[in-house]
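Contents: one structure, followed by commentary.
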Amino acid sequence: MKTQATNTILMIRPVAFRMNEQTAVNNYYQKVIDGLTSANVNAKAQQEFDAFVEKLRAHGVNVLVVEDTLQPDTPDSIFPNNWISFHQSGDVVLYPMFAENRRLERREDVLDLLEEKGFVIENVLDYTLAEEANVFLEGTGSIILDRVNEKAYCALSPRADEELFIEFCEDMEYTPVIFTAFQTVDGARKPIYHTNVMMCIADTFAVICADCIDDKVERKMVLEQLKQDGKEIILISEEQVNHFAGNMLQVVGANQQKYLVMSSSAYQSLTPKQLEAIEKHNPIIHASLDIIEACGGGSARCMMAEVFLPKEN
């Protein structure tokens, strides 16, 4: 039976985390933090990472932590969900990455580790050759999967190519739902770099910033797709997206209890009414990720690569 949430999460512990100059060109959520050395930034990111992992484990989430390596230089390795995804079919998908230094994050030993833990890998779908044609699709950053209803949502951007997304959907047997999402940057509307910044799909509900979808026809179409599948739609504002309130992930903890995971910044940006709407479906886990969010321009969801692979009998 297909499930929307998993108990097993892969996370990469950073060793040289910093603001990645190669991704800042179209990730407008990244900020330069004055007065902190690179070593300070990394040390603080490690503290946030470790506390986050501890909190997930305390709720019964199975977190597989892989240590990053100093060489090659991968400042964004803390966000593995962009280069790899793991599926119930036993498929592993490798994705083409926009920033050249992010391509170095791909590691075979991650697959070895999963197999050592008893997970079964049947097949590796590798789209990375598309990088040679400057075509990109950055994993579950670009693609939001409704795994149960077999729909894939994608906001097109320089990091999410329409043709490659459709090819992914054909290969993985998902129905594509395509739109464009925008944010206001210095008074201009610019494409949001990753879909998972402005929407999250859980088993019985979806959190989405409909205001980011400027085209009214597209907006209506996306909301109708979610409603068709019986999702309660919880709307968030663009201001809340700026606090990473769209960057959430549902996970399974102890006793099959589901949780919605987000950063404390996201949590604090939500209204009592929005929190109540979410907590009607599942409790919330939140952790402070301020340095990771500011320098990395990503948040809780980006840090977690969900493992849905089957286990050996």
Side-chain angles (χ1 to χ4, degrees), residues 23-31 79 81-82 98 136-146 151-162 165-166 169 174-202 205-229 231-250 260-263 265-271 273-275 277-278 289 293-294 296-303:
T23 54
V25 294
N26 54 25
N27 177 348
Y28 306 107
Y29 299 100
Q30 286 173 251
K31 298 179 184 76
F79 304 132
N81 81 308
N82 299 140
F98 171 82
F136 312 110
L137 186 66
E138 296 194 333
T140 53
S142 298
I143 305 166
I144 308 290
L145 295 173
D146 182 338
K151 286 181 185 172
Y153 293 75
C154 181
L156 303 179
S157 78
R159 306 205 202 174
D161 178 79
E162 183 168 10
F165 171 60
I166 290 168
C169 289
Y174 279 87
T175 301
V177 181
I178 299 168
F179 58 100
T180 313
F182 296 90
Q183 66 186 121
T184 300
V185 182
D186 300 328
R189 295 296 272 170
K190 299 203 170 173
I192 287 179
Y193 80 108
H194 278 162
T195 319
N196 76 3
V197 176
M198 51 74 65
M199 80 181 285
C200 151
I201 295 180
F205 66 100
V207 177
I208 183 168
C209 179
D211 291 346
C212 289
I213 308 174
D214 290 357
D215 185 297
K216 290 192 174 97
V217 176
E218 286 187 353
R219 185 188 314 158
K220 186 168 180 246
M221 177 271 297
V222 170
L223 295 175
E224 278 178 355
Q225 290 285 345
L226 294 167
K227 280 180 194 151
Q228 266 173 26
D229 299 322
K231 307 283 184 202
E232 180 186 349
I233 294 171
I234 300 167
L235 294 172
I236 55 173
S237 68
E238 205 172 317
E239 180 53 34
Q240 290 171 320
V241 168
N242 291 336
H243 290 93
F244 294 98
N247 199 244
M248 306 162 163
L249 182 68
Q250 190 178 48
L260 191 66
V261 182
M262 65 187 76
S263 71
S265 164
Y267 180 83
Q268 286 152 10
S269 79
L270 296 172
T271 66
K273 197 173 167 191
Q274 288 167 324
L275 291 169
I278 291 168
L289 302 172
E293 288 176 330
S299 188
R301 195 279 166 264
C302 305
M303 295 168 68

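Since this is a predicted model, take the numbers as computed values, not measurements.
Rounded to the nearest 0.5 angstrom, S269 OG and Q240 CD are separated by 4.5 Å. Distance check: F205 CZ to C200 SG gives 6.0 Å after rounding to the nearest 0.5 Å. Note that OG1 of T184 is 10.0 Å distant from CG of D211, once rounded to the nearest 0.5 Å. The distance from the CD1 atom of I201 to the CG atom of L249 is 11.5 Å, given to the nearest 0.5 Å. Note that CD of Q274 and CD1 of I234 are 8.0 Å apart. Values are rounded to the nearest 0.5 Å. One finds the OG atom of S157 at 10.5 Å from the CZ atom of F182 (value rounded to the nearest 0.5 Å).
Contacts of Y267 classified as ring pair (Phe, Tyr, Trp, His ring centres under 6.0 Å), with partners at least two apart in sequence or in another chain: H286.
Nearest heavy atoms, L289 versus S263: CD1-CB, 3.9 Å. Of all the heavy atoms in P158 and F136, the pair that sits closest is O-CD1, 3.4 Å. Here the closest non-hydrogen pair linking G141 and N82 is CA-ND2, 3.5 Å. Contact detail for A210 and L223: the closest heavy-atom pair is CB-CD1, 4.2 Å.
Contact of the F244 side chain with the M262 side chain is not registered, since no non-hydrogen atoms from C-beta on lie closer than 4.5 Å. Residues I236 and V241 form a side-chain contact, since some pair of their non-hydrogen atoms from C-beta on lies under 4.5 Å apart.
With hydrogens and angles ignored, the 3.5 Å screen pairs a side-chain donor or acceptor of N196 with a backbone N or O of T140.
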Given side chain to side chain contact (heavy atoms under 4.5 Å, CB included), test V222 with F179 step by step and report yes or no.
CA-CA 8 Å; V222 170; F179 58 100; 3.5 Å; yes
Evaluate the criterion side chain to side chain contact (heavy atoms under 4.5 Å, CB included) for residue pair L137 and D161; output intermediate values, then yes/no.
CA-CA 6 Å; L137 186 66; D161 178 79; 5.6 Å; no
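Just one of I178, I208, I144 meets the side chain to side chain contact (heavy atoms under 4.5 Å, CB included) condition when paired with Y153; it is I144.
For E138 and H194, the side-chain atoms include at least one donor-acceptor pair closer than 3.5 Å. A donor and an acceptor atom, one from each side chain of Q228 and K151, are located under 3.5 Å apart. Between the side chains of E293 and S299, at least one donor N or O lies within less than 3.5 Å of an accepting N or O.
Applying the salt bridge (Lys or Arg N to Asp or Glu O under 4.0 Å) test to residues at least two apart or on different chains, the pairs with a partner in residues 231-246 are D146-K231, R189-E238, E232-K280.
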